[in-house]
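All remarks here apply to the structure that follows.
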Protein chains: 2
Amino acid sequence: MTSETRPMQADDGGLVGFHKHDHKSCVETGLKNAEARCSAEGLRLTPVRRKVLEMLLQEHRALGAYAILDRLREEGFGSQPPVAYRALDFLVENGFVHKIERLNAFVACAHPGASHSPAFMICRKCEAVAETHSATAKGVLGAAAKAAGFEIERTVVEAEGICPDCTEKAQ
Amino acid sequence: MTSETRPMQADDGGLVGFHKHDHKSCVETGLKNAEARCSAEGLRLTPVRRKVLEMLLQEHRALGAYAILDRLREEGFGSQPPVAYRALDFLVENGFVHKIERLNAFVACAHPGASHSPAFMICRKCEAVAETHSATAKGVLGAAAKAAGFEIERTVVEAEGICPDCTEKAQ
DNA sequence: GGCATATATGATATGGAATAACATGACAAG
DNA sequence: CTTGTCATGTTATTCCATATCATATATGCC
Ligand SMILES: [Zn+2]
Ligand SMILES: [Zn+2]
Ligand SMILES: [Zn+2]
Ligand SMILES: [Zn+2]
């Protein structure tokens, strides 16, 4: 099957971005989880880092580095690009946040704690982003890589299209 | 429509980037193909567009827009960003070139003429890029999308890792 | 506590990617 | 010849990202 510690399923809430849900708890538990994991693993969830994670949990869409930076400035943190990028680097490295390559932007991870190869669905109308998981390395691509002797370390899987809400509205 | 006429297979030469091959013919046939398709479909393969495609066929790796721009300048074409971006837009829209989101860079398509959802393997050491195809929309992600009511229009599938050559050299 | 070391932040500067907006040129249709 | 369309050229600006140096803050050891 897919993942080692806590395998995910297609219906286990992976599509937060497209559905109604208890958003306040969504943010709170996200932060709680991060705090727990950081203290468990000796990582330092400093104020800037915590704030950036909070911002990203707040939205269920991707934020660009400069949007993040603007908000950091408003909150009294440093206002130069490296401030945002360093916080993002930390969060991405430790799996709290993912980068959406297609958008050059960032989203909070929807499956904190689980080891996973994330996959994303990006609505090109409303820019909502939903995270699910991919098994790319085990599918066609994995076979091709194996055949070629290419060693996969990381995969980027992003689907662009129209989310259910926008499809509905368009009717 | 560029049609479901010639589906690809996992072993049909999709890994050009990692293997020795007749590179001169590689470029020539690439350009011939493009010319043929353009005149068949009423597209205009103008000098800039042709030059950019040639450059990308020449390399088997991704080139950034500004690298392309530099060479265009050397060849006497316009030297401002839009010159390169417009040519690239044309080539990407018509399937002659793909954008590698992970690198913010561009490669010539290795399967010209065939309708396909490309997938890429990117070596993080030598930056070689090999194109193969993905069936993402039919795999786990496709199922999740269907379940969520998300309509996939396009997929980005990019695997980062180490190519066979670099693995070998490292021994 | 005091001090050395590592880590995190602040601030400056620069480079690279991408697009908006406007002007000009080539060319075909009317 | 005029008009419309498409491609190109040019200017300017915005957004994304990193290198570098200086300062502060935490942590571990004496
Ligand atoms: Zn995730
Ligand atoms: Zn939408
Ligand atoms: Zn292709
Ligand atoms: Zn390599």
Judged by modelled atom types alone, do B:His116 and B:His98 share a side-chain donor-acceptor pair under 3.5 Å?
yes
Answer yes or no: does a side-chain N or O of A:Asn104 lie under 4.0 Å from OP1 or OP2 of C:dA17?
no
Interatomic distance, A:Leu43 CG vs D:dA26 P [rounded to whole Å]
17 Å
Measure from CD on B:Gln80 to P on D:dT10 and round the result to the nearest Å.
7 Å
Rounded distance (Å) that lies between atom C1' of D:dC16 and atom CG of A:Asp70
13 Å
Looking at the base of C:dA18, is there any donor atom on it, or on the side chain of B:Tyr66, that sits under 3.5 Å from an acceptor on the other one?
yes
Please classify the nucleic acid contact of A:Arg86 as base, sugar-phosphate, or nothing, using heavy-atom distances under 4.0 Å.
base
Regarding the side chain of A:Pro82, the nearest nucleotide among C:dA8, D:dT11, D:dA19 is D:dA19
Side chains of A:Met55 and A:Leu53: does their closest heavy-atom pair fall under 4.5 Å?
no
Nucleotide C:dG16, atom P - distance to CG of B:Leu103 in whole Å:
15 Å
Both B:Val48 and B:Pro81 contact DNA chain D. Which one's nearest nucleotide lies toward the 5' end?
B:Val48
Under 4.0 Å between a side-chain N or O of A:Ser79 and OP1 or OP2 of C:dG10?
no
Can you see if the side chain of A:Arg44 gets near the phosphate of C:dT7 - specifically, an N or O under 4.0 Å from OP1 or OP2?
no
What is the distance from CZ of B:Phe77 to C1' of D:dT10, rounded to the nearest Å?
17 Å
To check you understand the geometry: which heavy-atom pair defines the closest contact between B:Ala119 and A:Leu141, and what is its length?
CB-CD1, 4.2 Å
Residue met sooner reading DNA chain C from 5', once A:Gly78 and B:Ala105 are mapped to nucleotides:
A:Gly78
I need the CG-P distance between B:Asp89 and D:dC6, as an integer number of Å.
16 Å
Write down the distance between CG (B:Leu72) and P (D:dG9), rounded to a whole number of angstrom.
9 Å
Nucleotide C:dT19, atom C1' - distance to CG of B:Leu88 in whole Å
14 Å
Is there side-chain contact between A:Lys169 and A:Lys125, with at least one heavy-atom pair below 4.5 Å?
no
Minimum side-chain heavy-atom gap A:Val140-B:His133 below 4.5 Å
yes
Counting heavy atoms from C-beta on, name the nucleotide in C:dT12, D:dC16, D:dT8 closest to the side chain of A:Tyr85.
D:dC16
From the set C:dA18, D:dA19, D:dA17, return the single nucleotide nearest to any side-chain atom of B:Ala65.
C:dA18
Is the shortest side-chain N/O distance from A:Lys99 to OP1 or OP2 of D:dA17 below 4.0 Å?
yes
